[in-house]
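So the structure is just underneath, and the comments pick up after that.
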Amino acid sequence: IELKIWLLSDSSMTKKGGESRGQKTVEKNERTSSEPDSNEDSTGLTGSFVTDFPALCVREGLCPIEVVTRLQTAPADEKDEHSVGVVCQPNRVFFRSKIVADVEDDGGKESVKAIHLRGWLLDERVLNVLSLSIPSCSHLTTIKLWNVGLTEQTFATFTALVIQFRIKQVILSGNPLASENYASLLSDETSLERLGLRGNGLTDRGAKLLADTLSANNTLIFLDLAHNRISSEGTKLVANALRMNRTLLSLSLANNKVDDEGAESLAEVVSRFALSHLEIIARRMFNAEKRHAEAPEEQPGRTVATTSMEKRGGVKATMSSDKMAREKREKTPGIKKRESKREEKVKKDEKEVKTKKALSSADGKKGKVGKGGSKKGTDTTSEEMKTDILEHGNPLTEAVEEIGGNKFIIGNRALTNINLSYNAISEDGIAALLKAVRFQSTLCLLPGTGLMRLSVEHNKILSTHEDLVALRELMLTKDPLYKSTDSESVSTTQEER
């Protein structure tokens with residue numbers, strides 16, 4: 001009986017031990033399967049915008065938004081069936097949200113350069129997904145939003161996104177805001193180079209906000225304000241901002257409410273204008289600071305007392321003052337060290353100046369052509385040309401000409417393109433613009449190209465008006481894209497003969 005009891009108890013313990021061991025094995029396998037692989041990203045992102053954006057949309061509880069790619073060679077404003085996301089089926093047409101991404105081949109890997117969103121609501125959740133997936137786009141420079149229903153809140157979120165990822169080009173067409181505070185995109189924290197605000201219902205209030213930031217902005221080169229409601233008052237504010245701005249190259253005010261006063265204000269800015277009282281004060285302060293910065297540093301050991309002693313005592317006083325200065329340097333260990341550093345810096349600067357002079361003389365003498373047929377130093381030349389166009393220095397350093405008791409300086413020559421078509425400009429405005437362009441033609445030797453394109457078509461003036469015809473002909477000679485026909489060249493050669 002005792003043996004029987006012992007055998008029964010032993011079998012039950014074996015059963016229990018086997019079950020516990022089996023449970024432990026199952027739990028271990030479950031934990032192992034639930035743990036992520038060390039080779040995969042813990043966030044589940046692949047580093048590709050095309051795959052990450054739809055996956056993040058699903059994770060946020062949104063409908064998956066497809067990303068359609070197209071090569072960068074396609075025109076930037078090209079509209080195809082992918083850009084608007086229209087899907088056609090038999091007896092059914094419906095809209096589906098899509099994002100169009102312009103990509104280019106970067107060593108066998110697609111690199112996203114631009115993102116387009118057209119015609120569907122962009123809310124906070126989509127912006128959050130966009131901010132999470134953009135870090136994979138290391139070469140992203142452009143975001144274009146057309147009619148996406150921006151609100152004040154979503155615009156603030158989008159502005160923070162532009163600042164965070166250093167976006168260079170932003171196009172916000174058909175996104176009106178009640179505050180018209182698009183100027184936040186031009187703050188010191190952003191690095192925008194191109195801003196498009198077409199069809200946003202901008203009034204003079206929005207133009208004032210833009211003008212307040214544009215005067216001190218040094219990155220924006222393209223500003224599109226076409227198809228808005230800006231009158232001559234807003235145009236004057238923008239023109240006033242361009243008095244001290246030497247970065248903007250292109251300005252479009254087409255299809256607004258600009259009349260002769262607005263055209264005259266722009267004509268004054270690009271020709272020459274009188275300095276205001278505040279600008280005169282700023283000019284004097286700038287020149288004083290410049291003279292102070294260019295003044296030679298005091299020689300070590302020479303003080304005002306030493307100079308006065310030299311004047312009174314002659315050579316003896318000079319020798320004693322030099323002796324005092326030498327003793328002071330020997331007693332103070334830091335002075336000798338600073339003097340040696342200053343001497344090394346002076347020698348280094350002199351060496352750099354000599355090197356630059358030698359290089360410039362060598363470039364002027366050589367001008368050799370390489371094997372490929374291009375001149376050596378072409379890249380440096382293009383960079384210098386770009387610097388000349390974009391950096392014209394402080395306008396307050398321009399030469400002053402006194403006329404009628406006022407101080408006039410040469411106007412803005414950095415601006416190369418102005419579009420004023422489809423406005424309300426008549427004969428007086430066209431005459432002022434013609435006078436400004438003729439004045440710029442006399443400034444060939446000064447830096448800056450001046451206006452190269454000026455569009456004034458479809459205004460309140462006859463197309464056969466003599467001033468408009470003269471302005472059109474004068475601008476044709478400045479337009480870099482214009483090519484004269486053979487008949488025109490023949491007629492000009494006959495006239496010269």
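As the structure is a prediction and not an experimental result, all values here were calculated from the model.
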Residue list, side chain to side chain donor-acceptor pair (under 3.5 Å) with Ser421, at least two apart or on another chain: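 With neighbours one apart ignored, the set is Asn419.
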
With Ser136, which residues qualify under side chain to side chain donor-acceptor pair (under 3.5 Å), at least two apart?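 Counting only residues at least two positions away or on another chain, Ser136 forms no side chain to side chain donor-acceptor pair (under 3.5 Å).
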
Name the atoms and distances for all side-chain donor-acceptor pairs under 3.5 Å in residues 266-274, with sequence neighbours left out.
unit_1	atom_1	unit_2	atom_2	d
Ser271	OG	Ala267	O	2.8
Ser271	OG	Glu268	O	3.2
Arg272	NH1	Glu401	OE1	3.1

Sequence neighbours left out, what pairs pass ring-ring contact (aromatic ring centres under 6.0 Å, His included) with at least one residue falling in residues 154-198?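 Qualifying pairs: Phe155-Tyr182.
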
Restricting to pairs with a member in [range], which pass salt bridge (charged side-chain N to carboxylate O under 4.0 Å, His left out), not counting sequence neighbours?
range            : answer
residues 215-227 : Arg198-Asp224
residues 159-177 : none
residues 209-218 : Lys208-Asp212

If we ignore angles and hydrogens, is there a donor and acceptor under 3.5 Å between the side chains of Asn218 and Thr247?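 The answer is no; no qualifying pair exists.
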
Would you say the side-chain atoms of Ser131 and Gln164 include a donor-acceptor pair closer than 3.5 Å?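 No - no donor-acceptor pair under 3.5 Å links their side chains.
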
List for me each residue that meets side chain to side chain contact (heavy atoms under 4.5 Å, CB included) alongside His465, sequence neighbours excluded, and say none if there are none.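 Here the qualifying residues are Glu427, Ile461, Asp467, Leu468.
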
I'd like to check the side chain to side chain contact (heavy atoms under 4.5 Å, CB included) partners of Leu195; sequence neighbours left out, ordered by chain and number.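 Applying side chain to side chain contact (heavy atoms under 4.5 Å, CB included) to Leu195 gives Val170, Leu185, Leu186, Leu192, Leu197, Leu220, Leu223.
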
Who passes ring-ring contact (aromatic ring centres under 6.0 Å, His included) against Phe408, sequence neighbours left out?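 ring-ring contact (aromatic ring centres under 6.0 Å, His included) check on Phe408 returns nothing, list empty.
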
Under the rule for salt bridge (Lys or Arg N to Asp or Glu O under 4.0 Å), what residues qualify as partners of Glu289, not counting sequence neighbours?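 Checked Glu289 against salt bridge (Lys or Arg N to Asp or Glu O under 4.0 Å); zero matches.
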
Can you confirm whether more than 12 heavy atoms, excluding those of Arg453, are under 6.0 Å from its CZ atom?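 No, not enclosed.
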
Using a 6.0 Å cut-off, check whether atom CD of Glu124 has over 12 heavy atoms from anything other than its own residue.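 Count over threshold, so yes.
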
Side-chain donor-acceptor pairs under 3.5 Å in residues 430-438, sequence neighbours left out?
none

Identify the two heavy atoms, one from Gln440 and one from Leu451, that lie closest to each other, and give their separation to 0.1 Å.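 For Gln440 versus Leu451, the nearest heavy atoms are OE1-N, 2.9 Å.
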
If only atom types and distance count, is the side chain of Asp204 paired as donor or acceptor with the main-chain N or O of Ile230 below 3.5 Å?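 Not at all, since once roles are kept as given, no pair shorter than 3.5 Å links the two residues.
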
